[in-house]
Amino acid sequence: MIILTGPCVLEDRDTVMKIAESLKPLSEDKRVEFYFKASFDKANRTSISSYRGPGLDEGLKIFEEVKKQFGYKVITDIHESYQAKPASQVMDILQIPAFLCRQTDLLVESAKTNCKINIKKGQFLAADAMKHPVEKVLQTRGVNTNTINYETSKENGVWLCERGNTFGYGSLVVDMRNLILMREYAPVIFDATHSVQIPSTGGTTGGNSKFVPHMARAAASVGVDGFFFETHTNPTIAKSDGPNMLKIDELYKTVEDIFAIKEALKN
């Protein structure tokens with residue numbers, strides 16, 4: 001089972017390293033393909049005054065330190081096509097933000113690297129529309145796309161990520177059918193924490209983390225390839241997405257629930 005987890009944004013070095021250290025037992029779990037996730041720049045913050053992160057150069061140095069100290073594979077978002085090449089020198093996965101999943105230049109430049117690509121489904125798109133971003137990445141990597149399917153995408157390092165659809169104003173709803181439909185095109189990661197966001201509540205994005213374990217268990221029962229969880233030692237002081245983050249101990253409990261469901265379905 002793939003697990004992508006870490007703070008929403010890279011904060012100060014000590015906080016990042018403390019969170020990374022707390023995830024060591026999860027990284028050592030033989031059932032888990034573990035990736036440490038954070039963003040060096042949150043370019044889509046609601047307010048211009050919101051904290052964005054340390055930026056590309058300083059952020060990559062922090063990721064390098066995390067890799068060196070803990071041996072983790074790492075994943076981050078990129079928002080501009082020029083960021084793909086330098087980020088790929090450090091990162092194992094480049095993540096395409098949901099709002100940017102149709103941006104051809106961003107997808108193409110990411111596809112030119114040796115990184116896996118995790119494409120988040122736009123909150124405004126149907127599941128079957130995600131075959132087009134997959135096609136852009138595969139064609140750039142020289143793959144015949146007459147038939148886009150799960151195995152071809154898996155072999156060429158292309159994943160899709162579900163994080164809910166806009167439902168009216170300020171609300172997201174996850175249609176669990178999307179998990180099944182998108183798996184026709186690529187391995188699917190379920191983003192359990194962003195799925196409970198309440199977008200742009202005033203000058204920030206809100207959320208309700210109490211629903212995260214329930215959403216994760218539902219997705220586990222449907223069947224996915226992995227999960228995305230934002231986590232923090234203290235979400236109340238996180239500099240981004242605190243309201244929908246899981247505390248570290250809640251993360252571990254939720255992961256165990258997921259494996260219990262998988263085992264029950266297998267039996």
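Taking the charged nitrogens against the carboxylate oxygens, Lys253 and Asp257 do have a contact shorter than 4.0 Å, which makes a salt bridge. A salt bridge links Lys266 with Glu263; the closest basic N to acidic carboxylate O contact falls under 4.0 Å. Salt bridge annotation for Glu230-Lys37: present, with a cationic side-chain nitrogen under 4.0 angstrom from a carboxylate oxygen. Remark: Arg177 engages Asp175 in a salt bridge, criterion side-chain N to carboxylate O under 4.0 Å.
Judged by distance alone, the side chain of Tyr72 and the main-chain N or O of Phe34 form no donor-acceptor pair under 3.5 Å. Remark: side-chain polar atoms of Gln89 are paired, donor with acceptor, to backbone N or O of Lys85 under 3.5 angstrom. Proximity of a side-chain donor or acceptor of Glu250 to a complementary backbone N or O of Lys247 within less than 3.5 Å is detected. For the pair Asp225 (side chain) and Val188 (backbone), a donor-acceptor distance under 3.5 Å is present. Panel note: side chain Thr254, backbone Pro213; no donor-acceptor pair is recorded below 3.5 Å. For the pair Thr233 (side chain) and Ile19 (backbone), a donor-acceptor distance under 3.5 Å is absent. Under a 3.5 Å cut-off, the side chain of Thr231 and the backbone N or O of Gly6 do not form any donor-acceptor pair. Remark: side-chain polar atoms of Ser110 are not paired, donor with acceptor, to backbone N or O of Ala84 under 3.5 angstrom.
By the 4.5 Å heavy-atom criterion applied to side chains, Asp41 and Leu56 are not counted as neighbours. Put simply, the side chain of Thr113 does not reach to within 4.5 Å of the side chain of Met91, judged on heavy atoms. At least one side-chain heavy atom of Leu138 sits less than 4.5 Å from a side-chain heavy atom of Ser153. Considering only heavy atoms from C-beta on, Asn165 stays 4.5 Å or farther from Val173 through its side chain. Annotation: side chain of Val32 is in contact with side chain of Phe259 (closest heavy-atom distance under 4.5 Å). Taking 4.5 Å as the limit, every side-chain heavy atom of Ile96 sits out of range of all side-chain heavy atoms of Asn118. No side-chain heavy atom of Lys262 sits less than 4.5 Å from a side-chain heavy atom of Arg31. Within the 4.5 Å cutoff, no side-chain heavy atoms of Thr147 are placed close to those of Thr152.
Atom OH of residue Tyr185 and atom OG1 of residue Thr145 lie 13.0 Å apart, to the nearest 0.5 angstrom. With rounding to the nearest 0.5 angstrom, the CD1 atom of Ile148 is 11.5 Å from the CG atom of Asn156. Rounding to the nearest 0.5 Å places CD of Glu65 at 8.0 Å from CD1 of Ile62. Of the inter-residue distances, the one linking Glu11 atom CD with Lys18 atom NZ reads 11.5 Å to the nearest 0.5 angstrom.
In this structure, Ile78 and Leu100 approach most closely via the heavy-atom pair O-CD1, 4.5 Å. The shortest heavy-atom contact between Val174 and Gly164 is CG2-CA, 3.9 Å. The two atoms that bring Leu60 and Pro86 nearest to each other are CD1-O, 3.6 Å, heavy atoms only. Residues Ala216 and Phe227 share a closest heavy-atom pair of O-CE2, 3.4 Å. For the pair Ser221 and Leu265, the tightest heavy-atom approach, listed with the atom from each and the gap, is O-CD1, 3.7 Å. Lys121 approaches Ala98 most closely through the heavy-atom pair O-CB, 3.4 Å.
Looking at residues two or more places apart in sequence or on another chain, you find no side-chain hydrogen bond (donor to acceptor under 3.5 Å, both in side chains) involving Asp128. In this structure, Gln69 has no side-chain hydrogen bond (donor to acceptor under 3.5 Å, both in side chains) partners at least two apart in sequence or on a different chain. Applying the salt bridge (Lys or Arg N to Asp or Glu O under 4.0 Å) rule to Lys67 yields the partners Asp92; only residues at least two apart in sequence or on another chain are considered. The salt bridge (Lys or Arg N to Asp or Glu O under 4.0 Å) check on Arg141 picks up nothing, with sequence neighbours excluded.
A single hydrophobic cluster is seen to contain both Phe229 and Met1, as judged by linkage of ILVMFWY side chains at heavy-atom distances under 4.5 Å, directly or through other members. Ile258 is connected to Met176 through a chain of hydrophobic side-chain contacts under 4.5 Å among Ile, Leu, Val, Met, Phe, Trp and Tyr, so both are in one cluster. Hydrophobic cluster membership differs between Val212 and Leu172, with clusters built from Ile, Leu, Val, Met, Phe, Trp and Tyr side chains linked at under 4.5 angstrom. One hydrophobic cluster, built from ILVMFWY side chains closer than 4.5 Å, cannot hold both Met245 and Phe211; they sit in different ones. Cluster membership check: Met130 does not share its hydrophobic cluster with Val108, using side-chain heavy-atom separations under 4.5 Å among Ile, Leu, Val, Met, Phe, Trp and Tyr.
Shown are Cys161, Pro97, Cys101, Pro133; of these, the side chain to side chain contact (heavy atoms under 4.5 Å, CB included) with Lys120 is made only by Cys161.
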I'd like to know whether Asp29 forms a side-chain contact (heavy atoms from CB on, under 4.5 Å) with Tyr252, so could you lay out the CA-CA distance, the side-chain angles of the two residues, the decisive distance to 0.1 Å, and finally the verdict. CA-CA 11 Å; Asp29 190 326; Tyr252 279 97; over 6 Å; no
Could you go through Phe70 and Leu23, starting from their C-alpha distance and side-chain angles, then the distance that decides it, and tell me whether this counts as side-chain contact (heavy atoms from CB on, under 4.5 Å)? CA-CA 10 Å; Phe70 300 102; Leu23 296 170; over 6 Å; no
Do Val9 and Arg52 pass the side-chain contact (heavy atoms from CB on, under 4.5 Å) test, and can you show the C-alpha distance, the side-chain angles, and the key distance before you say yes or no? CA-CA 7 Å; Val9 65; Arg52 289 180 53 166; over 6 Å; no
Does the side-chain contact (heavy atoms from CB on, under 4.5 Å) test come out yes or no for Thr104 and Leu106, once each step is laid out? CA-CA 5 Å; Thr104 300; Leu106 187 62; over 6 Å; no
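A 6.0 Å sphere centred on CZ of Arg217 holds more than 12 heavy atoms belonging to other residues, nucleotides or ligands. The neighbour count for Glu21 CD, taken as heavy atoms of other residues, nucleotides or ligands under 6.0 Å away, does not exceed 12.
Tyr35 belongs to a hydrophobic cluster whose other members, connected by ILVMFWY side-chain contacts under 4.5 Å either directly or through intermediates, are Ile2, Leu4, Ile75, Ile93, Trp159, Ile189, Phe228.
Residue pairs meeting the ring pair (Phe, Tyr, Trp, His ring centres under 6.0 Å) criterion with at least one member in residues 112-152, sequence neighbours excluded, do not occur.
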